[in-house]
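Comments concern the structure below.
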Amino acid sequence: MFSKAIRVARVGSGSELAAAILLVLGFPCIMLAAIIPNIWFFAAAAAVTYLADRYLHHCGSYLINRLAAVRAGLSIRFLVRELLLILLMSRMGYGEGAFFYTTVACLLAFYGLQAPQSAMVTLVRLRRKLPVVTRNIDLGPVGIGDAPPRLLMSRPAEKMLHLDVFAMAGVLVALKSGTEEIAYAGLSLTLFLAVVYILALLPYVRPSRLVPPEAKVLAAVDNWLREYEPTVALYFSGSKDSAYQVNMWLETMGRLEGRPLVLLRERSIVPQLANTSVPVLCVPGGVHLMNMDLSTVRVALYAANVGKNIHMLRVPTMKHVFIGHGDSDKLASVNPYSKAYDEVWTAGRAGRDRYALADVGVRDEDIVEVGRPQLATIRSWTGTPKNAVPTVLYAPTWEGWDDNPGNTSLLLAGENIVRRLLESEKPVRLLYKPHPFTGTRSRKAAAAHLRITAMIEEAAARRATDPRWAEQGEALKGEQAEAAAELARIEARLAELAGGTGETARDEAELSRNSLADPAREAETAKLRDDWNTAYWRSRGWWQHQVISGSTMRLYDCFNESDAMVSDISSVVSDFIASGKPYAVTDSAELGEEEFKRQNTAVRAAVVLSNDASELDRLLAAVSDPAADDLAEGRRELKAYLLGPDEPSSLVRFDRAVQALAAKAEARNLGTAHLGEPVGG
């Protein structure tokens, strides 16, 4: 029941729900205490609301926004509490004296001071907002000054309003003790601190502390573009949750010949971007982008089919290529939008055949097979499990934009899959890594994810106390402690390196100014992330179930740690095939094994699971006994079909495709250059 209440309230934890309940119930208690009147009751209820409010803001709770939507926003809550303090004074017989009127006047003055504070914060934020956000681009000529300290700009309304706690405490103590001077001291301190806050903001509203006009910034970016002369651009638009779609291409972009550029459209993606030395230019405004000098770009690469692509597709001097963010049998992989591009690049022959069968207008001669450069780090199957207990990765995809039962196994099969793996007669270790979008559209999917997470955490807790594994844990205790210390050291160094990249900048303008490319720092960061991954697995027992969330642990690292995988129809399956390891795919739509394999190429060498997951025994047998792995040869053939040959490497094929298309763009531009010349000229 309690977990259901958490889901309904859309909060992240029981403590968050409890804080919300205390906040809502606290105000009626304050009112009751003021009417009675009872100072101790009033003080206790007021303290509860202060603390609950502070906690919910610290959590970034969804309920804070909901309270604002029903006219119970932050300012209203503080105002009501202060009005109830005035009511308490009146009920206690102080309604006609100087003490009463002074308190009212001071609280009104405090509210009056909030207007200039709010105005200055808003002005600073607006005037320090650049028309672009950059990384690895020198904006020195723009002259961007330092941002105000985070202490002033982080949650300023909350900080300003909480200054009334001194006035509140002073008045309550004065009411209890009869010493009005204490109230005057509290009121004075509140007003003094509010004035200090305003004075601290004043230097940052001077023109020298604000960023230059928009035109100057855009001119500086155009000057940089003319000097850098980018030749190939990775273009991306999407929500912050979709940043993984561009992150997967950053390493490839950094290894291409020529001068690469990453072109983003949403500010929210920049903080989610992985480390890279490639210049990054985020241009939110369509007009700004269309007026930007991109005349040297010959190839534009698109990782997603989105409406904002039109702002780049309109440029005729470059060739446009859809590279996507995964290769799978989903309908999204053969989107009719793809015919808007000059070419579509697929991993292998399967992608070409997929477009031919879909008949969505993409011509065969416009398809180029380039492999998947990102898969180079995936290690091949040795034929036997890494450890005494095999590791199975469950990596379901998300629920999609509709309610098609074939989108994800979470809804109908997820709990059965997890239960059978956790209760397997021969023990296995389960790693659960859900798609980043899981639960963003469907509450049922979010609820299933929470139930699965709870199942795995309970099983992990039981295994930790099981005598069968306690001995293993004791034997590896020293090594795990050493690995944990290594993790802490690596994380500290990564934080230190991030401080030199502008990641600790106090706003976007500082981020753009400070984050310049440093190849040595990037190389060290990449090595440290690999070391972190190694230390992470060493710090955990090879028998311990785990829920893998967030972006720190990469999907391909989970591939390398596992001996088999269970997933759905998505690019995850196609990528996992690069490892050659056994895998299973869930037929959640209940098409039947024959039809499911006919419709989905990547399933041809998979163990097909029904929604009850009863076929998992076959997958586990293939992992434990090579003789029982009757799909091994099928996986080798399917890998070549889906991903292309191993030689030349995918990166080489990808780079050659970029250079070939750039040459076509250059030839096209030269061929059309004479169109504007006078006849006979």
Side-chain angles (χ1 to χ4, degrees), residues 377-395 417-434 452-495 524-566 576 579-583 616-617 619-626:
T377 60
I378 297 177
R379 294 193 290 269
S380 297
W381 173 235
T382 62
T384 56
K386 290 177 58 177
N387 301 302
V389 172
T391 297
V392 178
L393 170 66
Y394 178 38
I417 292 169
V418 169
R419 186 177 298 106
R420 286 183 181 274
L421 290 172
L422 295 177
E423 298 175 358
S424 172
E425 183 178 349
K426 292 183 178 179
V428 300
R429 174 175 66 154
L430 173 60
L431 303 180
Y432 170 54
K433 185 170 177 60
I452 287 172
T453 299
M455 290 169 62
I456 296 172
E457 290 174 347
E458 289 172 10
R462 288 196 302 270
R463 184 165 281 191
T465 58
D466 191 319
R468 290 182 297 174
W469 311 108
E471 184 179 344
Q472 299 288 347
E474 191 62 32
L476 292 176
K477 193 173 182 179
E479 181 181 343
Q480 289 179 341
E482 180 184 329
E486 179 72 0
L487 275 177
R489 184 195 66 79
I490 293 171
E491 288 168 357
R493 178 56 181 160
L494 285 171
E524 183 181 358
T525 299
K527 182 179 183 305
L528 285 172
R529 292 197 183 282
D530 289 338
D531 292 345
W532 183 93
N533 175 70
T534 302
Y536 176 87
W537 294 119
R538 285 177 53 226
S539 70
R540 269 73 175 169
W542 43 259
W543 62 92
Q544 292 176 335
H545 306 303
Q546 290 186 61
V547 176
I548 311 291
S549 59
S551 58
T552 304
M553 176 56 67
R554 299 165 295 194
L555 177 64
Y556 295 166
D557 294 326
C558 294
F559 284 5
N560 290 334
E561 183 66 15
S562 63
D563 302 300
M565 184 185 75
V566 179
F576 189 80
S579 71
K581 297 174 182 177
Y583 67 102
L616 271 175
D617 288 343
L619 176 70
L620 298 179
V623 173
S624 304
D625 181 8

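Remark: S539 OG to L487 CG distance equals 4.5 Å, nearest 0.5 Å. The CG atom of L430 sits 12.5 Å away from the CZ atom of R419 when rounded to the nearest 0.5 Å. The line from OH of Y583 to CG of L619 is 11.0 Å long, rounded to the nearest 0.5 Å. Atom-to-atom distance recorded for N533:CG and E561:CD is 8.0 Å, nearest 0.5 angstrom. Distance check, rounded to the nearest 0.5 Å: OH of Y536 to CG of D557 gives 11.0 Å. Rounded to the nearest 0.5 Å, atoms OG1 (T525) and CH2 (W532) are 14.5 Å apart.
Considering all non-hydrogen atoms of both residues, R538 and E479 come closest at NE-OE2, 3.8 Å. Here the closest non-hydrogen pair linking V389 and P427 is CG1-O, 3.5 Å. The minimum heavy-atom distance between P582 and W381, with the atom names listed, is CD-CE2, 4.0 Å. Scanning all heavy atoms of the two residues, the minimum distance from F559 to K581 falls at O-NZ, 2.7 Å. Contact between A535 and A483 at its shortest, heavy atoms only, is O-CB, 3.6 Å. Shortest non-hydrogen contact noted between T382 and T384 is OG1-O, 3.2 Å.
In this structure the side chain of S579 never reaches within 4.5 angstrom of the side chain of M565, judged on heavy atoms. Considering only heavy atoms from C-beta on, L421 comes within 4.5 Å of L620 through its side chain. No side-chain heavy atom of Q544 sits less than 4.5 Å from a side-chain heavy atom of R463. Between R462 and H545 the shortest side-chain heavy-atom distance does not fall below 4.5 Å. Counting only heavy atoms from C-beta outward, the side chains of I456 and Q546 never approach each other to under 4.5 Å.
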Check the pair W542, T391 against side chain to side chain contact (heavy atoms under 4.5 Å, CB included), reporting the backbone distance first and the verdict last. CA-CA 8 Å; W542 43 259; T391 297; over 6 Å; no
Given the rule in the side chain to side chain contact (heavy atoms under 4.5 Å, CB included) test, do V392 and L431 qualify, once you have shown the distances and angles that lead to the verdict? CA-CA 6 Å; V392 178; L431 303 180; over 6 Å; no
Could you walk me through whether V418 and Y432 satisfy the side chain to side chain contact (heavy atoms under 4.5 Å, CB included) test, starting with their C-alpha distance in whole Å, then the side-chain angles of each, then the deciding distance to 0.1 Å, before giving a yes or no? CA-CA 9 Å; V418 169; Y432 170 54; 5.5 Å; no
Under the side chain to side chain contact (heavy atoms under 4.5 Å, CB included) rule, what do V428 and R420 come out as? Steps first, then yes or no, please. CA-CA 10 Å; V428 300; R420 286 183 181 274; over 6 Å; no
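Using a 4.0 Å cut-off between charged nitrogen and carboxylate oxygen, D530 and R554 count as a salt-bridge pair. R489 and E486 are joined by a salt bridge, as a carboxylate oxygen and a charged side-chain nitrogen come within less than 4.0 angstrom of each other.
Using cut-offs of 30° and 60° for the angle between ring planes, the W543 and W469 rings count as parallel.
The backbone N or O of R379 lies less than 3.5 Å from a partner atom in the side chain of N560, making a donor-acceptor pair.
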